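Computed over heavy atoms, backbone and side chain alike; hydrogens, waters and symmetry mates excluded. Below, read A as the first sequence line, B as the second, and so on, with proteins coming before strands; counting in each chain starts at 1. Just so we're clear, the structure is a prediction, and the values are computed from it rather than from any experiment.
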Amino acid sequence: MNLFAEIRALVIARLEEMVASGALPGGLDMAAVAVEPPRDGAHGDMATNAAMVLARPAGQPPRAIAEGLAARLAADPRILTAEVAGPGFLNLRLAPESWRGVVRAALAEGRDFGRSDIGRGVRVNVEFVSANPTGPMHVGHTRGAVFGDALAALLDFAGHAVTREYYINDGGAQVDVLARSAYERYREANGLSPEIAEGLYPGDYLIPVGEALKARYGDSLLDRPEADWLAEVRDFATAEMMQMIRDDLALLGVRMDVFTSEKAITASGKIEEAIETLRGMGLIYEGTLEPPKGKLPEDWEEREQTLFRSTLHGDDVDRPVKKSDGSWTYFAPDIAYHWDKVSRGFDQLIDVLGADHGGYVKRLKAVVSALSSGRVPLEVKLIQLVKLWKNGEPFKMSKRAGTFVTLRDVVEQAGPDVTRFVMLTRKNDAALDFDFDKVLEQSKDNPVFYVQYAHARVSSVIRKATEAGIAADDATLAGADLDHLGHEAELALARKIAEWPRLVEIAARGQEPHRIAFYLYELASDLHALWNRGNEDGSLRFVQEDKGISQAKIALARAAGVVISAGLGILGVTPAEEMR
RNA sequence: GGCCCCGUAGCUCAGGGGAUAGAGCGACCGCCUCCUAAGCGGUAGGUCACAGGUUCGAAUCCUGUCGGGGCCGCCA
């Protein structure tokens with residue numbers, strides 16, 4: 001139930017009538033006609049720009065169109081008044097019954113209230129995290145994980161068929177480095193002193209891996225050439241790292257549908273397959289690249305390599321897929337992986353990447369565009385940096401060699417709910433400050449707390465009512481006589497609730513889960529405001545002497561609670577029943 | 001040199017063609033005999049970086065400039 005969509009449909013229907021009656025010319029494009037909350041609530045409940053948008057194509061002054069439309073809209077029982085204002089806005093005031101309908105719908109539909117079908121079942125693959133299996137997840141991964149998970153949930157709520165996917169980079173040189181690093185820890189476990197050379201991973205987290213290797217292989221891998229143990233140690237250590245990463249994700253409450261291995265993709269011959277497909281399109285050639293502009297690498301020399309003609313698909317320069325020695329570049333498995341995703345039948349791909357991958361976006365888009373013949377759009381969401389703060393100053397990485405602020409560090413200090421909510425209070429392409437002090441503060445300065453508190457207050461009201469012998473379960477509330485609602489402060493909250501389905505669609509279209517967080521803050525604010533009105537005017541309190549009146553008022557509160565609960569659900573945050 | 005992101009109140013940030021640009025913090029003034037005051041109401045605070053352009057209408061779209069950040073050969 002989306003009241004804004006319903007009123008927009010009404011507006012369009014009346015405009016069509018005007019066309020049919022000759023009041024407007026035929027062939028008008030109504031796509032730009034919008035029905036929105038006005039910026040200033042004093043103007044009305046909803047406003048439409050229809051007259052201004054149609055004035056030019058219709059060849060009529062906007063106010064004339066608006067007046068004709070107003071007369072037709074005013075006849076509808078849902079519309080109380082329709083007034084022309086300003087340059088041609090049509091301000092609508094809705095009958096209180098419309099708002100009561102919203103409350104009823106929220107109670108009847110529960111956490112499904114606000115679900116949308118704008119996604120029309122489109123199959124979307126959201127790839128996120130994809131941290132290299134060489135160590136624990138750090139803060140940057142955390143934000144990407146939270147964002148990707150919330151985006152996936154949002155798209156699902158808006159009617160897309162979503163797959164959450166993790167790409168395991170287990171095929172590059174970095175996992176050989178991991179293997180060598182783990183091997184040193186294995187030697188250490190066997191009583192030898194490890195030689196953590198420059199370039200190896202020095203982190204303590206590999207010590208247990210070394211011990212596990214000892215438990216499995218005893219001393220049988222000692223004093224053997226690397227060629228004898230590299231593959232086995234690599235596979236073992238990679239599996240250990242992935243288990244650690246899965247544990248970290250579980251700690252955050254992030255769930256993946258699919259893990260795809262780079263190694264498996266490579267072994268299956270998909271790289272060759274994808275490259276040959278591109279070659280068949282005339283997009284692969286042998287050539288040399290211009291040296292990069294700006295500061296030239298010291299050892300730059302022109303060499304011939306195998307190149308992908310990504311410039312034909314919007315990139316700035318062509319990109320190497322093979323090094324001059326004939327081996328694949330890092331880009332090649334990525335081509336194969338995206339080819340794999342395209343061939344699995346997704347209608348849309350989303351990659352959530354760190355901002356340092358900014359230079360990589362165009363070539364990925366070029367590949368997907370080429371390999372899907374333009375059928376599958378790829379969106380790349382770049383996640384900007386997280387700056388950690390503690391005690392009023394930047395929180396530096398630990399100086400202990402090889403350690404950094406991990407996902408586990410953050411979640412264990414702040415908790416998963418706080419971590420998730422805070423990381424979703426900024427759009428993905430803006431840097432985020434994460435202040436451990438503020439984030440744990442229990443005041444309205446802390447949006448997580450503020451929203452949680454609103455939900456807890458709703459639960460509290462229901463508890464109080466139940467104690468007083470007033471039935472306040474959802475089924476009873478859904479049948480409450482909402483004619484008892486009518487005060488301006490109550491309708492204001494209902495109006496905000498009515499915006500939820502619209503907000504979901506806006507957020508989903510823009511792929512902007514942060515809008516959910518901001519909306520929830522506003523909704524919580526309206527609930528707190530109404531609550532406090534009850535302090536001044538007893539008739540606005542939720543729990544009343546009269547059972548029927550109480551149930552109507554609690555129904556409104558519960559409707560807000562349901563929306564908070566649904567919204568927090570998208571963000572992956574647990575709603576609080578009480579504040580402790 | 002090129003590409004991407006950012007620039008809105010003292011601070012942190014929403015808003016991304018529509019009316020008088022919003023919120024929180026900080027400042028100031030108020031509100032608990034009463035469902036959680038962990039809250040609420042009010043006052044003060046703005047050249048939406050700058051300059052052009054498109055439009056009936058620009059903080060929003062386009063171009064350019066300035067400032068901040070990120071990235072830029074066969075590293076992953």
Side-chain angles (χ1 to χ4, degrees), chain A residues 32 34 36 38-40 42-43 47 49 52-53 55-56 61-62 85-89 91 132 134 169 171-175 177 288-297 299-303 305-306 315-317 319-331 333-334 354-362 380 382 384-385 425-431 433 435 438 441-447 449-450 452-454 456-457 460-465 467-468 510 514-515 517-518 521-522 525 527-536 538 541-544 550 553-554 557 578-579:
Chain A
E36 303 169 316
R39 178 167 295 200
D40 184 344
H43 291 145
N49 61 355
M52 287 180 290
V53 170
R56 182 199 284 267
F89 283 102
N91 291 325
N132 284 346
T134 55
N169 288 284
Q174 78 276 11
V175 283
V177 175
T288 54
L289 287 172
E290 296 285 310
K293 299 282 167 59
K295 56 173 187 255
L296 200 63
D299 56 347
W300 169 266
E301 54 181 288
E302 259 189 20
R303 288 177 192 158
Q305 355 172 206
T306 305
D315 204 353
D316 306 313
V317 289
R319 304 294 179 176
V321 297
K322 270 188 183 176
K323 306 176 192 173
S324 50
D325 67 5
S327 62
W328 297 117
T329 63
Y330 179 75
F331 185 36
D334 266 348
D356 55 343
H357 289 68
Y360 213 65
V361 173
K362 284 188 177 181
V380 179
L382 295 177
Q384 285 291 340
L385 295 177
T425 52
R426 206 104 310 170
K427 46 191 159 191
N428 59 289
D429 45 17
D433 285 334
D435 186 326
K438 280 189 184 162
E441 195 174 304
Q442 304 217 324
S443 77
K444 64 186 293 197
D445 193 16
N446 178 357
F449 171 79
Y450 188 75
Q452 291 281 28
Y453 186 30
R457 276 181 151 175
S460 166
V461 160
I462 291 171
R463 280 196 301 271
K464 290 280 177 189
E467 284 168 18
H514 74 277
R515 285 177 182 269
F518 281 97
Y521 187 87
E522 291 169 12
S525 175
L527 185 91
H528 288 309
L530 179 55
W531 181 285
N532 277 274
R533 291 293 294 269
N535 288 339
E536 300 155 14
R541 293 162 67 91
F542 295 104
V543 181
Q544 300 283 333
S550 292
K553 291 177 185 295
I554 296 168
E578 54 184 337
M579 308 307 291

Using the six-membered ring wherever Trp is involved, compare the ring planes of A/Phe331 and A/Tyr360 and label them parallel, tilted or perpendicular (cut-offs 30° and 60°).
-> perpendicular
Using a 4.0 Å heavy-atom cut-off, write out nucleotides 8-22 of chain B from 5' to 3' as B (base contacted by protein), S (sugar-phosphate only) or - (no contact).
-> ----SSSSB-BB-S-
Rounded to whole angstrom, note down the P distance from B/C13 over to B/C29.
-> 29 Å
How many angstroms lie between CZ in A/Arg541 and CG in A/Asn532, if you round to the nearest 0.5 Å?
-> 11.0 Å
Distance between P atoms of B/A44 and B/A23 (Å, rounded) = 12 Å
Would you give the length of the straight line joining atom CD of A/Glu578 to atom CZ of A/Arg463, rounded to the nearest 0.5 angstrom?
-> 5.0 Å
What's the CG-P distance between A/Asp356 and B/G70, to the nearest Å?
-> 11 Å
So A/Phe449 and A/Glu441, side-chain contact (heavy atoms from CB on, under 4.5 Å) or not? Walk me through it.
-> CA-CA 8 Å; A/Phe449 171 79; A/Glu441 195 174 304; over 6 Å; no
P atom, B/A49 versus B/G15: distance in rounded Å?
-> 15 Å
Side-chain (A/Ser550) to main-chain (A/Gln544) donor-acceptor, under 3.5 angstrom | yes
P spacing across the pair B/C61 / B/A19, given as an integer number of angstrom = 15 Å
A/Leu289 CG to B/C74 C1', straight-line distance once rounded to whole Å | 9 Å
Keeping the roles fixed (side chain from A/Asn91, backbone from A/Ala47), state whether a donor-acceptor pair exists under 3.5 Å.
-> no
Whole angstrom value for the distance that separates P of B/C40 from CG of A/Leu527 | 10 Å
Atom pair distance, as rounded to whole Å: CD in A/Gln384 and C1' in B/C4 = 9 Å
Report the distance from atom CG of A/Asp316 to atom C1' of B/G1, rounded to the nearest whole Å.
-> 13 Å
What is the distance from atom NZ of A/Lys553 to atom CG of A/Leu530, rounded to the nearest 0.5 Å?
-> 8.0 Å
Rounded distance (Å) that lies between atom P of B/C71 and atom CG of A/Asp429 = 16 Å
With A/Pro320 as reference, evaluate A/Leu289, A/Thr288, A/Thr306 under the side-chain contact (heavy atoms from CB on, under 4.5 Å) test and give the passing residue.
-> A/Leu289
Syn or anti for B/C11, please, going by whether the chi angle lies within 90° of 0.
-> anti
B/A58 to B/G18 separation - C1' atoms, rounded to the nearest Å = 10 Å
Could you give the distance from CG (A/Asn169) to CG (A/Asp334), rounded to the nearest 0.5 Å?
-> 7.0 Å
State the NZ-CZ distance between A/Lys362 and A/Arg319, to the nearest 0.5 angstrom.
-> 9.0 Å
If a protein heavy atom is under 4.0 Å from the base, mark B; if only from the sugar-phosphate, S; if neither, -; do that for nucleotides 26-39 of chain B going 5' to 3'.
-> --------BBBSBB
Pairwise C1' distance for B/G17 and B/G10, with rounding to whole Å | 31 Å
Rounded to the nearest Å, what distance is computed from the OH atom of residue A/Tyr521 to the P atom of nucleotide B/G24?
-> 6 Å
Could you measure between the two C1' atoms, the one in B/G16 and the one in B/A59, and give it in whole Å?
-> 8 Å
In which stems does RNA chain B show up, taking only runs of three or more Watson-Crick or G-U wobble pairs whose two distances fall under 3.5 Å?
-> B:1-7 with B:66-72, B:10-13 with B:22-25, B:27-31 with B:39-43, B:49-53 with B:61-65
Do A/Gln442 and A/Tyr453 pass the side-chain contact (heavy atoms from CB on, under 4.5 Å) test, and can you show the C-alpha distance, the side-chain angles, and the key distance before you say yes or no?
-> CA-CA 9 Å; A/Gln442 304 217 324; A/Tyr453 186 30; over 6 Å; no
Between B/G57 and B/U12, how far is it from one P atom to the other, in whole Å?
-> 35 Å
Closest to the 5' end of RNA chain B, once A/Ser525 and A/Ser327 are matched to their nearest nucleotides, is A/Ser525
A/Lys362 or A/Leu385, whichever maps to the more 5' nucleotide of RNA chain B = A/Lys362
Could you grab the distance from atom OH of A/Tyr450 to atom CG of A/Leu527, nearest 0.5 Å is fine?
-> 9.0 Å
Which part of the nucleic acid, if any, lies within reach of A/Gly358 when heavy atoms closer than 4.0 Å are counted: base, sugar-phosphate only, or nothing?
-> nothing
Determine, stepwise, if the pair A/His43 / A/Phe89 fulfils side-chain contact (heavy atoms from CB on, under 4.5 Å).
-> CA-CA 10 Å; A/His43 291 145; A/Phe89 283 102; over 6 Å; no
